[in-house]
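This report concerns only the one structure given below.
Ligands are counted one by one from 1 in listed order, and the atoms in each one are counted from 1 as well.
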Amino acid sequence: MDGMTFILFGATGDLAKRKIYPAIYNLFLDDKLPRAFAVFGTGRREMSDEDFRAHVEQSVKTFSRRWDDDRDRAGQFLRMFHYCAMDVTQPQDYGKLAQRIRQREQDGKIPENRIYSLSVAPELFGVIASHISNSELGSATGWKRLIIEKPFGHDLRSAQELNRSLRQFFDEEEIFRIDHYLGKPMVQNLEVLEFANPILRTLWNNQHIANVQITASETVGVEERAGYYDKAGAIRDMFQNHLLQLLMMTAMQMPRQFSAREIRNEKIKVVKALRPLRREDVAKHVVRGQYGSGWINGKPAVAYRDEPGVDRESNTDTFVAARLWIDNEMWSGVPFYIRTGKRMQEKSTRIVIEFKNPLRESYPVHVNPAPNLLVIHVNPHEGVSFQLNSKHPGKDSRVEPITMEFAANANDVPEAYELLLYDALRGDSTFFAHWEEVEWCWKWVQPILDAFSDQQVPLHLYEAGTQGPEAAFRLLEEDGFSWWELNRHAEEGTLVVRREMLSASM
Ligand SMILES: NC(=O)C1=CN([C@@H]2O[C@H](COP(=O)(O)OP(=O)(O)OC[C@H]3O[C@@H](n4cnc5c(N)ncnc54)[C@H](OP(=O)(O)O)[C@@H]3O)[C@@H](O)[C@H]2O)C=CC1
Ligand SMILES: O=C1O[C@H](COP(=O)(O)O)[C@@H](O)[C@H](O)[C@H]1O
């Protein structure tokens, strides 16, 4: 791998501390960093290199489960880190940063390849990109890359504006948009599951699949992010990006080649084939919810509107469920159901593929074989389970569902940021969000944003600690389906799912 300098804007912030330093540390432990490598952190507060290294060390100790107290090793890692205080809105500060970087490149024989990672508020993205280009930093002789974090815009128009401002200074191939769901190992595994297993490849279409359910439920509430979240809601925070990425990865056809370009083309075909929603039809296919008070894991939880920093009359969605149709040959007639919510019963991201059940009529009514299910467990347990029907040797030879499962060993599973940063260092954009994908997702979501802001969709309150509003169950019942929920023993490592009907769950 080429030598390079990693320049982190927002080095004193939360994301850097919790995700970026631990990821760089894990890459260091695995010998995945280039030999000639330096990290420059920036923030407004003053700090010496030594203070910064102590900050990085503390972050890694707290957030990487692989921290190793070997002082030589720690020293070798921490010496890569340097700090330059600056205000990113001040053009003259970029000259100071450029000189420090150039000096380090000369001392360490590091080629002038630079990755700029923007872990700052999105309003600063355009300013930073322009100052990089127009300052001494812009005259480097090597390659440059820009890593940015979501949110990529607030709606279609602001996303387009943001993209226009970045593209004045960076080409699309130089921009790496992190959607951390694309860094999750089971999401990266989807293409292998679908395409490297002939048995699944044969069945992966509307001839055999009855419906697809994508769930990302969380037990946490809005936490300390009310300022951001109350303007974003679940639709912008999770649905427009992470969940539509999961949908694209699940529904894409096999690419001609497994290259970033071909995979992206297949993903874009999926989002383009999504049946558009008219604003007046949103309420038929989309359920909007907000959590009320309740209990989470035996502890009381306040209502969203009583959370610190939230408007007491807020209509912000903390839950969204939707029915989507992909109008192409492969998926025509198969509903995709997506839901995400905060303060729900369990933390779980999973994709459930429910297969058609043509044998149902062949069995006596009391047997009623369950449909085959393929469940891809993305988070917090990574694994795959497959539900089949089997005759119980005792119990009057009753037919009952059995589950075959693979559960990954948590210690072997790398963090999303680790995989994504490694790809960015290598220049592989397969698991980053390309602008076309982002734009098409905003286009599809825009009528929902409009309908929500015009209050054309009812806001259903749901009790914290439940599976969300009843209306989300009705959405599936209208089509003769129901959500497949996680078995309550999931925390103990059992990854089976159970059918939970509305009456049993509320
Ligand atoms: N935290 C998370 O888990 C996630 C965050 N994100 C995104 O990542 C980005 C960063 O988030 P987060 O780390 O939480 O934010 P924080 O508020 O914790 O950190 C912001 C950082 O920006 C720096 N900064 C702010 N203004 C300036 C300025 N004018 N000049 C120089 N530096 C400045 C701050 O430095 P200082 O205070 O020293 O001035 C600080 O290091 C945001 O875009 C967020 O949406 C995305 C997904 C998850
Ligand atoms: O991007 C975000 O994701 C987290 C959920 O991520 P996960 O990896 O824990 O599933 C969510 O809590 C947050 O609101 C959102 O901004």
Exercise. So among Glu436, Glu172, Glu439, which one has a salt bridge (charged side-chain N to carboxylate O under 4.0 Å, His left out) with Arg177?
Worked result: Glu172
Exercise. When you measure from atom 45 (O) of ligand 1 to each heavy atom in His180, Lys150, Glu149, which option holds the nearest one?
Worked result: Lys150
Problem set entry | Within-shell test, Ala85 vs ligand 1, heavy atom, strictly < 4.0 Å | no
Exercise. Is any side-chain N of the basic residue among Glu136 and Arg102 closer than 4.0 Å to the acidic one's carboxylate O?
Worked result: yes
For this session: Starting from atom 2 (C) of ligand 1, find the nearest protein heavy-atom neighbour and note its residue, name and distance.
Result: Arg18 NH2, 3.5 Å
Exercise. So, are Asp30 and Arg66 salt-bridged, with charged N and O less than 4.0 Å apart?
Worked result: yes
Exercise. Listed by chain and number, what are the ring-ring contact (aromatic ring centres under 6.0 Å, His included) partners of Phe336, not counting sequence neighbours?
Worked result: Trp331
What are the atom names and distances for all N or O pairs under 3.5 Å between ligand 2 and the protein?
unit_1	atom_1	unit_2	atom_2	d
ligand 2	1 (O)	Lys150	NZ	2.7
ligand 2	1 (O)	His242	NE2	2.7
ligand 2	6 (O)	His180	NE2	3.2
ligand 2	8 (O)	His180	NE2	2.8
ligand 2	8 (O)	Lys184	NZ	2.6
ligand 2	9 (O)	Lys347	NZ	2.9
ligand 2	10 (O)	Tyr181	OH	2.5
ligand 2	10 (O)	Lys347	NZ	2.8
ligand 2	10 (O)	Asn379	ND2	3.2
ligand 2	12 (O)	Glu218	OE1	2.6
ligand 2	12 (O)	Glu218	OE2	3.3
ligand 2	12 (O)	Lys342	NZ	3.2
ligand 2	14 (O)	Arg225	NH1	2.9
ligand 2	14 (O)	Asp237	OD2	2.6
ligand 2	14 (O)	Lys342	NZ	2.9
ligand 2	16 (O)	Lys150	NZ	2.9
ligand 2	16 (O)	Arg225	NH2	3.0
ligand 2	16 (O)	Asp237	OD1	2.6
ligand 2	16 (O)	Asp237	OD2	3.4

Exercise. Relative to atom 14 (O) of ligand 1, which among Thr12, Asp14, Asp93, Thr89 owns the nearest non-hydrogen atom?
Worked result: Asp14
Problem set entry | Pair Thr318, Tyr462: side-chain N/O donor-acceptor within cut-off below 3.5 Å | yes
Problem set entry | Mutual orientation of the aromatic rings belonging to Tyr181 and His242 [parallel < 30°, tilted 30-60°, perpendicular > 60°] | parallel
Exercise. Honestly, is Arg100 close enough over Phe40, meaning NZ or CZ under 6.0 Å from the six-membered ring centre and within 45° of the axis?
Worked result: no
Problem set entry | Pairing of Arg157 and Glu161 as salt bridge, 4.0 angstrom limit | no
